[in-house]
Amino acid sequence: MATELEHTCPECDEEQTFYRAAATNLHIGLKTKWYCPECDYGFVRVNGDIDSSTA
């Protein structure tokens, strides 16, 4: 599993490299927490389909 992810950070307002903070398997799939090292903004993805950064 990747430990880095290129994603737009809403706090920094630009593309950033996010780092994986944690990952666990749930009954709905793999839940992964990502954070931006520049501003500490974080979001969660489940199976890559559900993304809390768009909420």
Side-chain angles (χ1 to χ4, degrees):
M1 168 176 262
T3 58
E4 297 179 351
L5 172 72
E6 294 298 320
H7 196 275
T8 302
C9 179
E11 297 292 319
C12 297
D13 202 29
E14 62 185 39
E15 191 82 10
Q16 293 287 354
T17 300
F18 280 72
Y19 293 93
R20 187 178 66 194
T24 189
N25 279 311
L26 303 173
H27 66 284
I28 58 174
L30 181 65
K31 175 183 171 185
T32 311
K33 295 180 181 180
W34 299 92
Y35 77 97
C36 174
E38 298 295 319
C39 68
D40 288 331
Y41 171 80
F43 69 95
V44 174
R45 277 192 170 169
V46 179
N47 273 349
D49 299 328
I50 302 168
D51 189 336
S52 70
S53 68
T54 59

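No hydrogens, no waters, no symmetry mates; every other heavy atom, side chains included, goes into these values. Small disclaimer: the values here were computed from a predicted structure and weren't measured.
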For Gly29 against Asn47, the heavy-atom pair lying closest together: CA-OD1, 3.3 Å
Heavy-atom pair with the smallest gap, counting every atom of Ala2 and Arg20: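 Heavy-atom minimum between the residues: O-NH1, 3.4 Å.
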Does a side-chain heavy-atom distance below 4.5 Å link [X] with [Y]?
X	Y	result
Tyr19	Glu4	yes
Arg45	His7	yes
Cys36	Phe43	no

Trace of the side chain to side chain donor-acceptor pair (under 3.5 Å) decision for Gln16 with Thr8: CA-CA 6 Å; Gln16 293 287 354; Thr8 302; over 6 Å; no
Linked, directly or transitively: Ile28 and Leu30 (ILVMFWY side chains, under 4.5 Å): no
Cluster check Tyr41, Leu5: I/L/V/M/F/W/Y, side chain < 4.5 angstrom: yes
Distance, nearest 0.5 Å, that separates CZ of Phe18 from OG1 of Thr32: 14.0 Å
Distance (rounded to the nearest 0.5 Å) between Lys33 NZ and Ser52 OG: 10.0 Å
